[in-house]
Amino acid sequence: MAHRFVLPSGVRVVLDGARLELRDGRGHPLQKSELSLSDFHSLTAVARRLGVETEAPQTIRCGNCGATWDVVPCSRFEVGPYLDDELDDPELDADFDIDAEHDAGGLTLRLEPRTVGQARALLEAPSPLDVTPDVVRALGVVELDGETSPEGIAQLLAALDDETYAGFADVWEDAHYPPRLVAPHPCPECAAVEWLPIPAERELSVGAMGEAMPVHGFPSFDEVEMLVREVAPDIYAQLEIGEVSLSLLDGPAEVDDAGEPLLGSYLPPDPDALLPHGAEVRLYYRSFREMWRNEGPYDLRAEVSETIAHELTHHLGYLAGDDPLDDDERAAIGDELVRRVGRSEAERRATHAFVQDLTTFWRRTWVVWVIAAVGAVAAAVASR
Ligand SMILES: [Zn+2]
Ligand SMILES: [Zn+2]
């Protein structure tokens, strides 16, 4: 079966087994070696998702509960926007400004666009990468920290400490992997979603997620709990709330409908439950810690206060019988999903779900309808 889709630059693809046909925006035929790296990476991810190209499974680790499991990275990639020519999201499909001067871990960096043909020395280089002047040309690095000769840049790159090198690799990946190239993999234990960069094996980094890296400088559980006790009374007083219990939990966090681990959650009171309980706000230590790990140090006191106030606002909504905050959060998750899945594909899925609902409805109720129809016919005959 021939698959037809577009790539970020507007190149049109027909992929039929081993046959690959490429045309640029004006309809002129194109060789694979003429593709930009970012189109090439997108093509690989789509071909894998469509099953045209095979892909090795990979073990990943849940940042929320620590479980590990095997995934085929591109298997959960949403390709609707490629198939339906809808690569127009302002963030997910944003063009990288390749001509700008970039900051690579504190060093100035200038890049040039690269095609598959120009990057051959990089694409065929053995792993771990040995940065030769040829690889520098293939990477399209034209200036690093004032150095402009490929030989000088190769020496500089080879001598970088891990952190600066990671900064360099991040900028280079941003330049050649559109933001849409990630796939969500829900943890089988806690449902938290791990976003996996795809294609998983990237030129400058290995996508392996083994042991969790330590988090530097984040306060201990006891310290954060103390902070919670310190800031909470003022927030409760300001919102004139007294009856909501508050706790900080050390285990895996609850996740929202999109599989995102929560910083906090609100549980309305349930006096009729098997174990009746009052209203409760829970904060999740791990989510605050993971945010520190992923985004770097931040104002923890402000973040904890904001989360408590946010969850208590849900309580006010509960008391008022209407929680607009909850409606907004659900709507935002839905919008986010459509941006990733694609408008046409989201519609198809909604229609499919609707038809399935109808089918189930018919299967469950057909006897009633047949009896009604027979009755109607009988009535019509009798009234003649
Ligand atoms: Zn998990
Ligand atoms: Zn909320």
Side-chain angles (χ1 to χ4, degrees), residues 57-73 75-76 182-197 200 207-215 218 221 228 231-232 235-236 238-239 241 243-270 277-295 298 300 302-337:
Q58 193 182 323
T59 303
I60 63 172
R61 185 178 184 286
C62 175
N64 188 39
C65 77
T68 56
W69 74 106
D70 288 346
V71 300
V72 177
S75 63
R76 286 183 177 267
V182 288
H185 289 274
C187 168
E189 299 290 326
C190 75
V193 160
E194 284 297 322
W195 290 94
L196 207 58
M209 275 202 258
E211 282 300 290
M213 304 280 281
V215 189
F218 192 70
F221 181 84
V228 170
V231 299
I235 304 168
Y236 275 67
Q238 264 168 26
L239 296 172
I241 291 174
E243 70 278 27
V244 179
S245 74
L246 174 67
S247 53
L248 178 71
L249 301 183
D250 199 9
E254 293 284 318
V255 301
D256 68 13
D257 290 349
E260 225 42 71
L262 296 163
L263 290 171
S265 63
Y266 166 70
L267 284 86
D270 189 353
H277 60 84
E280 188 183 342
V281 166
R282 295 178 179 169
L283 303 179
Y284 301 101
Y285 174 76
R286 278 192 203 187
S287 301
F288 287 97
R289 190 190 61 196
E290 289 308 298
M291 189 164 140
W292 192 281
R293 183 206 302 282
N294 297 329
E295 293 166 29
Y298 59 89
L300 181 63
E303 201 63 48
V304 164
S305 304
E306 202 181 297
T307 306
I308 297 173
H310 175 98
E311 300 309 336
L312 289 176
T313 309
H314 280 302
H315 180 62
L316 295 178
Y318 165 80
L319 292 178
D322 173 39
D323 186 357
L325 193 57
D326 190 56
D327 299 341
D328 290 352
E329 285 170 354
R330 283 175 203 279
I333 288 172
D335 291 349
E336 192 70 33
L337 190 69

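One-based numbering, in listed order, for ligands and for the atoms of each.
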Apply salt bridge (Lys or Arg N to Asp or Glu O under 4.0 Å) to the pair R330 and D257, showing each step before the final yes or no. CA-CA 8 Å; R330 283 175 203 279; D257 290 349; 2.9 Å; yes

Under the 3.5 angstrom rule, does the side chain of H185 hit a backbone N or O of P73 as a donor-acceptor pair? yes

Just by distance, no angles: are the side chains of D323 and H314 close enough, under 3.5 Å, to form a donor-acceptor pair? yes

Centroid separation F218 to Y285 less than 6.0 Å: yes

Name whichever N, O or S atom of E329 ends up nearest to the Zn ion (ligand 2). OE2

Would you say the side chains of S265 and Y284 form a donor-acceptor pair under 3.5 Å? yes

If you round to 10 degrees, what value do you get for the angle at the Zn ion (ligand 2) between H310 atom NE2 and H314 atom NE2? 100°

Ignoring water, what protein N, O or S atoms are under 2.8 Å from the Zn ion (ligand 1)? C62 SG, C65 SG, C187 SG, C190 SG

Main chain of A253, side chain of N64: is a donor-acceptor contact present, judged purely on distance under 3.5 Å? yes

Measuring from atom OH of Y236 to atom CD of E243, what distance do you get when rounded to the nearest 0.5 angstrom? 9.0 Å

